[in-house]
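For reference, the structure is listed below as structure tokens.
Note that ligands are numbered from 1 as they come in the structure, with each ligand's atoms numbered from 1 the same way. Computed from a prediction, not measured in an experiment: that's the story for all the values here.
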Amino acid sequence: MTDPAPEPAPDELICSSKCCTQAARHRVEWNNPKLHTPDRRKTWLACDDHEPTLREFLDRRGFYRETLPL
Ligand SMILES: [Zn+2]
């Protein structure tokens, strides 16, 4: 409802981490309370290697919400 962009098929999704070209396996959901309403979710896509890195990055800033499987 809040995201009008259609989701591409899972096999076309690539990790959001810089310079990474691996297929994404996880959706890292986050929210910046200074910019977003509490129910808003931003999504980063992550491969198996980068999910912990992205999660830690967000968690340190208090932005991390949850990781969902793709
Ligand atoms: Zn990656």
Side-chain angles (χ1 to χ4, degrees):
M1 192 72 85
T2 55
D3 184 356
E7 296 271 357
D11 59 4
E12 296 172 356
L13 298 176
I14 301 297
C15 177
S16 300
S17 194
K18 206 174 171 189
C19 301
C20 183
T21 57
Q22 295 193 78
R25 298 270 176 255
H26 312 275
R27 300 163 53 113
V28 179
E29 304 271 305
W30 61 279
N31 171 285
N32 180 346
K34 289 182 181 160
L35 298 179
H36 308 127
T37 55
D39 60 335
R40 178 86 184 275
R41 286 293 177 271
K42 302 290 288 181
T43 301
W44 280 350
L45 303 175
C47 65
D48 288 335
D49 290 346
H50 287 117
E51 190 278 329
T53 313
L54 294 173
R55 183 184 351 141
E56 193 189 313
F57 177 91
L58 292 165
D59 200 29
R60 257 182 288 155
R61 287 157 179 79
F63 295 173
Y64 178 73
R65 293 300 176 267
E66 60 183 331
T67 297
L68 303 171
L70 267 181

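- Side-chain contact between Phe63 and Pro33 is present, with heavy atoms from C-beta onward closer than 4.5 Å.
- Every residue was checked against the salt bridge (Lys or Arg N to Asp or Glu O under 4.0 Å) condition with Arg61, not counting sequence neighbours, and none meets it.
- Inspection of the environment of the Zn ion (ligand 1) yields the following protein N, O or S atoms under 2.8 Å: Cys15 SG, Cys20 SG, Cys47 SG, His50 ND1.
- Counting non-hydrogen atoms of neighbouring residues, nucleotides and ligands closer than 6.0 angstrom, the CZ atom of Arg65 exceeds 12 such neighbours.
- Side chains of Cys47 and Cys20 form a contact here, defined as non-hydrogen atoms less than 4.5 Å apart.
- Remark: Thr43 pairs with Arg27, Glu29, Leu45 by the side chain to side chain contact (heavy atoms under 4.5 Å, CB included) rule, at least two apart or across chains.
- Applying the salt bridge (charged side-chain N to carboxylate O under 4.0 Å, His left out) test to every pair with at least one member in residues 42-53, sequence neighbours left out, gives these pairs: Glu51-Arg55.
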